[in-house]
Amino acid sequence: MDDMFDNLPDIQADIARRLGDAASNRGVPMHVPAVVTSDVDARGMVLRAFDPASWTLRFHTDARAPKVAAIAADPRMAVLFYDKPAKVQIRVRGTGRVLTDDPLTDAAWAESTNFARRCYLGDAPGDESESATSGLPAQFEGVEPDDAQLLPARENFAVLLIELAELDWFYLAQSGHSRAQFSRSEQGWEGRWVAP
């Protein structure tokens, strides 16, 4: 086993480093993890931020998306990250909440480009269509709207936060796999080795 992966504090630090890198670097494999809601539905989502102090992940979503209702009904969530070149899989579980009208969501909206914001001008995710569609109004197909045109889009924009409670780190190695788990309690994080 790699010397870097032989003690639990280093593994927990590795998880935090990888999540931070996934949020800030769109070129890494963990940038678009699989996000699972309690209704056993999974989707790829872009990781926008990771707060290592609170162990919270941040994603952007449409407030009209079916997952928002699923999270409101049962906030348990899971996220799967995989880095094939590094042979590291990270699975996390936590509690999700969706924010729509607060300073964090306002700041996330302000950070977004107008081209990205235009996604929230279109039909709600899952709306049926007679033909293949981006869901965007025709005037914004391939066109970047200006700030005034985007005003109606803001009400559809939301932030999804997932506060992590469980971490599962898995390292695939030809010489023998290695796995560690961490659980969060009021006293902090507690780690343990488990069989792969």
[X] side chain vs [Y] backbone, donor-acceptor pair below 3.5 Å:
X	Y	value
Arg118	Phe140	yes
Asp127	Ala124	yes
Gln12	Pro9	no
Asn114	Pro145	yes
Arg43	Asp41	yes
Arg117	Arg154	no
Thr61	Val159	no

Do Asp168 and Phe182 come within less than 4.5 Å of each other through their side chains, counting heavy atoms only?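 They are not in side-chain contact.
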Decide yes or no for Ile15 and Trp55: does some side-chain heavy atom of the first lie under 4.5 Å from some side-chain heavy atom of the second?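 They are in contact (side-chain heavy atoms under 4.5 Å apart), so the answer is yes.
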Could you pull out the closest heavy-atom pair between [X] and [Y], with the gap in Å?
X	Y	result
Ala70	Ser38	O-OG, 3.8 Å
Leu167	Trp189	CG-CZ3, 3.6 Å
Pro196	Ser178	CG-N, 4.1 Å
Pro137	Gly122	CD-CA, 3.9 Å
Ala22	Val28	CA-CG2, 3.6 Å
Gly96	Leu160	CA-CD1, 4.4 Å

Applying ring-ring contact (aromatic ring centres under 6.0 Å, His included), can you list everything that pairs with His31, at least two apart in sequence or on another chain?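 Checked His31 against ring-ring contact (aromatic ring centres under 6.0 Å, His included); zero matches.
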Can you name the residues that form a ring-ring contact (aromatic ring centres under 6.0 Å, His included) with Phe59, not counting sequence neighbours?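 Counting only residues at least two positions away or on another chain, Phe59 forms no ring-ring contact (aromatic ring centres under 6.0 Å, His included).
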Is the number of heavy atoms from other residues, nucleotides or ligands under 6.0 Å of [X] [atom1] greater than 12?
X	atom1	result
Arg179	CZ	yes
Arg76	CZ	no
Glu190	CD	no
Asp101	CG	no
Arg97	CZ	no

[X] and [Y]: same hydrophobic cluster, using ILVMFWY side-chain contacts below 4.5 Å?
X	Y	result
Tyr120	Val68	no
Leu80	Val88	no
Val36	Val98	no
Val32	Ile162	no
Leu161	Phe50	no

Name the orientation class of the two ring planes belonging to Phe170 and His177 (parallel below 30°, tilted from 30 to 60°, perpendicular beyond 60°).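 Geometry flag for His177 against Phe170: tilted rings.
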With sequence neighbours excluded, what pairs up with Ser183 under the side chain to side chain donor-acceptor pair (under 3.5 Å) test?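 Once residues adjacent in sequence are excluded, the partners of Ser183 under the side chain to side chain donor-acceptor pair (under 3.5 Å) criterion are Arg192.
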What's the separation between atom [atom1] in [X] and atom [atom2] in [Y], rounded to the nearest 0.5 Å?
X	Y	atom1	atom2	result
Ser129	Asp123	OG	CG	7.0 Å
Leu99	Leu104	CG	CG	6.0 Å
Leu172	Lys84	CG	NZ	11.0 Å
Trp169	Ile90	CH2	CD1	9.0 Å
Leu19	Leu57	CG	CG	6.0 Å
Asp39	Met77	CG	CE	9.0 Å

Would you say the ring centers of Trp109 and Phe157 fall short of 6.0 Å from each other?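 Centroid distance Trp109-Phe157: below 6.0 Å, so yes.
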Are Asp21 and Arg18 within salt-bridge range, i.e. N to O under 4.0 Å?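 The answer is no: the pair does not qualify as a salt bridge.
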Ser54 and Glu163: side-chain donor and acceptor closer than 3.5 Å?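 No.
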